[in-house]
S.K.: 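First the structure, then my questions, so here it is.
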Protein chains: 2
Amino acid sequence: MSNAKVLPLLEPEAVAPCCPPLNERPMSADEAEVAAKMFKALGDPVRLRLFSAVASHEGGEACVCDISDVGVSQPTVSHHLKKLKEAGLLSSERRGTWVYYRVEPSVLAAMGALLSGAAKAA
Amino acid sequence: MSNAKVLPLLEPEAVAPCCPPLNERPMSADEAEVAAKMFKALGDPVRLRLFSAVASHEGGEACVCDISDVGVSQPTVSHHLKKLKEAGLLSSERRGTWVYYRVEPSVLAAMGALLSGAAKAA
DNA sequence: TGTCTATGTTGACGTCTATCGAAACAGGTG
DNA sequence: CACCTGTTTCGATAGACGTCAACATAGACA
């Protein structure tokens, strides 16, 4: 329904300031709530495999029919893809009969910087 | 009690091969299950704040009394810290009256590389 | 030595959300 | 219209989150 305004994560200017490096300073409650949604989206084996399948596919986009081989039913796959899309990690596009999912590099970079910064100083 | 053998994630040689970059190839079910546990551990706002508080503290270790200011009761804090420890992200050590938690750099680096690698190529 | 206080952990319980599959529905093609 | 792809709805099961109470462990003090 109101998917377009569920999260402001799709905007790059909303991603960058949301995630200071983990070791810089203690996260505030608001920052943690935003960042936790992204981590939670990847906190499921099925979603992680789906996301990896999309990210490793040619051009960073993949048809659902190519990544439905994760051991669960297709409705469940659609459900997980929807959650990844709501978290801002994927974006869907319909090209004729098939639906293609694509990764969001900005959000991925934000999460990587969040962890890499903490790993560097530790 | 039997904390030492809950997960083999504490060994660096178990961390490195568990997480190929997300965009290299589709994750297997076993790899995804291991990596999802780490992401799931950070998929909660309270845990994320606790982890950030430990990581940003002096020397990467912090007493529980210093990070209990997250808006929940202390038993809840202890529960979340236990989950972070079970995921291999933290390690606890008792120094007298107080208990100090410390970050595990190797696991953090693995997660960062997992995402940074995917962000680079995407 | 014995007791008392303080710090963290653990267990049990209630509540809430997540996950998954079966069936029905929308979108697009030949 | 018949067919296929993918989404949505609905309900049932399982697990996560949070608090209250009780239990270990370490130091203080008489």
Side-chain angles (χ1 to χ4, degrees), chain A residues 1-4 6-7 29 32-33 35-51 53-54 57 61-87 89-102, chain B residues 1-4 6-7 29 32-33 35-51 53-54 57 61-87 89-102:
Chain A
M1 256 184 273
S2 53
N3 284 339
V6 171
L7 281 178
E33 202 163 343
K37 284 180 183 172
M38 304 191 295
F39 283 113
K40 194 173 193 175
L42 294 180
D44 184 90
V46 176
R47 280 198 292 268
L48 201 53
R49 270 212 281 174
L50 288 172
F51 188 81
V54 174
H57 212 265
E61 68 178 13
C63 172
V64 178
C65 57
D66 291 330
I67 60 178
S68 299
D69 236 0
V70 289
V72 293
S73 64
Q74 284 174 3
T76 303
V77 170
S78 189
H79 197 137
H80 283 303
L81 288 173
K82 185 181 179 181
K83 289 204 169 183
L84 286 169
K85 189 168 63 176
E86 285 177 2
L89 294 168
L90 293 179
S91 59
S92 68
E93 184 186 0
R94 182 159 210 154
R95 301 183 64 173
T97 307
W98 294 275
V99 177
Y100 291 87
Y101 278 82
R102 192 176 37 176
Chain B
M1 267 160 264
S2 55
N3 287 336
V6 172
L7 279 179
E33 203 162 343
K37 282 180 185 174
M38 303 191 294
F39 283 113
K40 195 173 192 174
L42 294 180
D44 184 89
V46 176
R47 280 196 294 269
L48 200 53
R49 270 212 281 174
L50 289 172
F51 187 82
V54 175
H57 214 264
E61 69 179 13
C63 171
V64 179
C65 57
D66 290 330
I67 60 178
S68 299
D69 234 1
V70 290
V72 293
S73 61
Q74 284 176 1
T76 304
V77 170
S78 191
H79 272 137
H80 283 303
L81 287 173
K82 186 182 179 181
K83 289 202 172 184
L84 286 169
K85 189 169 62 176
E86 284 178 3
L89 295 168
L90 293 179
S91 61
S92 67
E93 183 187 359
R94 181 158 212 154
R95 301 182 65 172
T97 307
W98 294 277
V99 177
Y100 291 87
Y101 279 81
R102 193 175 37 176

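Per chain, numbering begins at 1; letters A, B, ... match sequence-line order.
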S.K.: Could you work out which one of dA18(C), dC17(D), dT7(C) sits closest to the side chain of Trp98(B)?
M.R.: dT7(C)

S.K.: Would you find a donor on one side and an acceptor on the other, under 3.5 Å apart, between the side chain of Arg49(B) and the backbone of Val70(B)?
M.R.: yes

S.K.: Closest approach to the side chain of Val99(B), judged atom by atom: which nucleotide of dG8(C), dG27(D), dG6(D) is it?
M.R.: dG8(C)

S.K.: Would you mind telling me which of Cys63(B), Ser92(B), Ser91(B) makes a side-chain contact (heavy atoms from CB on, under 4.5 Å) with Tyr100(B)?
M.R.: Cys63(B)

S.K.: Between C1' on dT19(C) and CG on Leu84(A), what's the gap in Å once rounded to a whole number?
M.R.: 14 Å

S.K.: Asp66(A) vs Val54(A), test: side chain to side chain contact (heavy atoms under 4.5 Å, CB included). Steps then yes/no.
M.R.: CA-CA 9 Å; Asp66(A) 291 330; Val54(A) 174; over 6 Å; no

S.K.: For the side chain of His80(A), counting heavy atoms from C-beta on, which of dT7(C), dC20(C), dA16(D) is nearest?
M.R.: dC20(C)

S.K.: Could you tell me the separation between the CG atom of Leu48(B) and the P atom of dC17(D), rounded to a whole number of Å?
M.R.: 13 Å

S.K.: For a 4.5 angstrom cut-off between non-hydrogen side-chain atoms, does Ile67(B) reach Leu81(B)?
M.R.: yes

S.K.: Given atom NZ of Lys85(A) and atom P of dT8(D), what is their separation to the nearest angstrom?
M.R.: 6 Å

S.K.: Ignoring backbone atoms, test whether Lys40(B) places a side-chain nitrogen or oxygen under 4.0 Å from the OP1 or OP2 oxygen of dA18(C).
M.R.: no

S.K.: Can you list, in residue-number order, the parts of residues 72-79 of chain A that come under 4.0 Å of DNA chain C, counting heavy atoms only?
M.R.: Val72(A), Ser73(A), Pro75(A), Thr76(A)

S.K.: Can you tell me how far C1' of dT5(D) sits from CG of Asp66(A), to the nearest Å?
M.R.: 12 Å

S.K.: Which whole-number value in Å describes the distance from Arg95(A) CZ to dG6(D) P?
M.R.: 14 Å

S.K.: Could you tell me how far apart Glu33(B) (CD) and dT19(C) (P) are, to the nearest whole angstrom?
M.R.: 14 Å

S.K.: For Ser68(B) versus Val64(B), what's the shortest heavy-atom pair and its separation?
M.R.: OG-O, 2.6 Å

S.K.: So what does Tyr101(A) touch, heavy atoms closer than 4.0 Å: a base, only the sugar-phosphate, or nothing?
M.R.: sugar-phosphate

S.K.: Starting from the 5' end of DNA chain D, give me the residue, Ser92(A) or Lys83(B), whose nearest nucleotide shows up first.
M.R.: Ser92(A)

S.K.: Please give, in whole Å, the distance from dT19(C) C1' to Asp44(A) CG?
M.R.: 8 Å

S.K.: Return the 5'-most residue of the pair Arg94(A), Arg47(A) with respect to DNA chain C, ranking by each residue's nearest nucleotide.
M.R.: Arg47(A)

S.K.: When you measure from the side chain of Arg47(B) to the backbone of Ala41(B), do you find a donor-acceptor pair of N or O atoms at a distance under 3.5 Å?
M.R.: yes

S.K.: Could you tell me how far apart Leu81(A) (CG) and dC20(C) (P) are, to the nearest whole angstrom?
M.R.: 12 Å

S.K.: Thr76(A) versus Val46(A): any side-chain heavy-atom pair under 4.5 Å?
M.R.: no

